[in-house]
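One-based numbering along the sequence shown. Indexing begins at 1, ligand by ligand and atom by atom, following the structure's order.
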Amino acid sequence: MSRAQIERDVPLAPRTTLGLGGAARYFARATTDAHIHEALRYASDRGLALAVLGGGSNTLVPDEGFRGLVLSIETHGMRTSPREDGQVALHAKAGTPWPEVVRFSVASDLAGLECLAGIPGSTGATPVQNVGAYGQEVSDTILSVRALDRRTLDEVVLTPEQCEFGYRDSRLKRDPHRFIVLEVSFALRPGGAPLLRYAELARAMEIVAAEGAPTLQQVHDTVIALRRKKGMVLDPEDPDSRSAGSFFTNPVVSHSDAERVRARARAAGLLESGDDVPSWPQPDGRVKLAAGWLIERAGIAKGHRRGPVGVSSKHALALVHHGGGTLAELLALADEVAGQVEAAFGVRLEREPQLLAGVVA
Ligand code: EPU
């Protein structure tokens, strides 16, 4: 990477779905893996902190911007290879837009990613937060993650075990400055049936595919339609989609905490007879609650506004930027929302999108 390819004072807001935050003092675009190596050397030679930017759909850029080098991962491409077990491996470069990967897998009749349609962002980000929706997570199919280890500058291939995946969690997320994802490989099932584990999706598919077995393409399209109704498909015509998706993770609490939430909801008259607090038992005995439900029942209505920022009018879990705002305003709104949920239910919501941050290489 020649010095000429390093740009100065590049606004980052247009590179994020929220459209918030300041500029990068130094900015590099990497369209090859070699560019990534070179950008790391550039930063370390000059003692610059380096932060990695993917698709910008899950990143919060500070209003003061970033004083080091922002490395935009724009490598692109996919290939498949047969596996001995009859599955097909799909290898996608980190910068490949995720919706493209899902569309390609579905068009190739490869099952395993169809419920993850319409999620904005880059492929390299998917293992970091273990992207999931409608009953599927990338960790269900990830074979390996090829990454650059910033400690040694060596390329490493991480197994799923080494990635330590959890709900919206991984080792890559917990140790954010250690690895830069270069390529992700998925094991997919040729001709496999779509996954209909999520009740809302299964119900919608009963209407779409009333006769015969649902196809991967039908599930893909139905997921997009469900997401669109929730403002979760990027669309310049939909102001609710100017968000980072879910702003909080769904809280996973102990059985007794879930009972306490149920009791508080009942005492507050929030449950009609026969209704229950939406909850999903986890394999470890804990219970996942629906943050969107808690937010609404804590008294924050969809469409709630605080000047230029607000809660989506379609889904209480998404915070939206209406234009002309700052990240500080959005974070103040997030504190208000989380504070109200904690006061009502004693449950602390955790932020889902990541703050753009870097370390000196
Ligand atoms: N709900 C409300 N009010 C709302 C939103 C939701 O009461 O404003 C209730 C719903 O009625 C339902 C429950 O909450 O009973 C769950 O809602 P939904 O099915 O919309 O899913 P979610 O739990 O809010 C999660 C993921 C989404 C993913 C969907 C579908 C997290 C943090 N979010 O949302 O992922 O698309 O399930 O699988 O796990 C993302 O991570 O950015 C994201 C969009």
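Distance alone, capped at 3.5 Å, is enough to place a donor-acceptor pair between the Q136 side chain and the G112 backbone.
The presence of a protein heavy atom under 4.0 Å from atom 39 (O) of ligand 1 is confirmed. Within the 4.0 angstrom cut-off, atom 44 (C) of ligand 1 has one or more protein heavy-atom neighbours.
Residue R168 places a heavy atom less than 4.0 Å from ligand 1. Using a 4.0 angstrom heavy-atom cutoff, R227 counts as in contact with ligand 1.
Salt bridge absent: R151 and D149 never bring a charged side-chain N and a carboxylate O closer than 4.0 Å. Ion pair D240/K230 not flagged as a salt bridge, since none of the NZ, NE, NH1 or NH2 atoms sits closer than 4.0 Å to an Asp/Glu carboxylate oxygen. Ion pairing between R306 and E329 fails under the 4.0 Å rule for side-chain N and carboxylate O. Salt bridge annotation for E259-R262: present, with a cationic side-chain nitrogen under 4.0 angstrom from a carboxylate oxygen. With salt bridges taken as basic N to acidic carboxylate O contacts below 4.0 Å, none links R228 and D238. The residues E350 and R168 are annotated as not salt-bridged, no charged nitrogen and carboxylate oxygen being separated by less than 4.0 angstrom. The pair E183-K93 does not count as a salt bridge, with every side-chain nitrogen at least 4.0 angstrom from each carboxylate oxygen.
Short contacts between ligand 1 and E200, defined as distances under 4.0 Å to a heavy atom of the residue, involve ligand atoms 19 (O). Residue F248 has at least one heavy-atom neighbour below 4.0 Å for each of these atoms of ligand 1: 32 (C). Less than 4.0 angstrom separates some heavy atom of G245 from each of these atoms of ligand 1: 42 (O). For ligand 1, the atoms closer than 4.0 angstrom to any heavy atom of K230 are 18 (P), 19 (O), 20 (O). Set against the non-hydrogen atoms of L317, the atoms of ligand 1 under 4.0 Å away are 24 (O).
Of all the heavy atoms of P278, the ones lying under 4.0 Å from any atom of ligand 1 belong exclusively to the side chain. Contacts with ligand 1 closer than 4.0 Å are made by side-chain heavy atoms of Y167 only, the backbone lying farther away. Contacts between T249 and ligand 1 below 4.0 angstrom, taking non-hydrogen atoms only, involve the backbone exclusively. If you look at H315 next to ligand 1, the close heavy atoms, those under 4.0 Å, come from the backbone and the side chain alike.
With respect to atom 2 (C) of ligand 1, the closest heavy atom belonging to the protein is E296 OE1, 3.4 Å. Of all protein heavy atoms, the one closest to atom 25 (C) of ligand 1 is N250 ND2, 4.0 Å. When only non-hydrogen protein atoms are considered, atom 19 (O) of ligand 1 lies nearest to Y198 OH, 2.6 Å. From the protein, the heavy atom lying nearest to atom 13 (C) of ligand 1 is A290 CB, 3.5 Å. For atom 42 (O) of ligand 1, the nearest non-hydrogen atom of the protein is S246 N, 2.9 Å. Counting only heavy atoms of the protein, atom 28 (C) of ligand 1 lies nearest to A133 CB, 3.9 Å. With respect to atom 7 (O) of ligand 1, the closest heavy atom belonging to the protein is R297 NH1, 3.0 Å.
Under the salt bridge (charged side-chain N to carboxylate O under 4.0 Å, His left out) criterion, R305 pairs with no residue at all, not counting sequence neighbours.
Taking the six-membered ring wherever Trp is involved, the centroid distance between the rings of F104 and W98 does not fall below 6.0 Å.
Checked by distance only, ligand 1 and G135 stay at 3.5 Å or farther apart across all their nitrogen or oxygen atoms.
In this structure, R29 is not positioned above the aromatic face of F27 in the sense of NZ or CZ being under 6.0 Å from the six-membered ring centre and within 45° of the axis.
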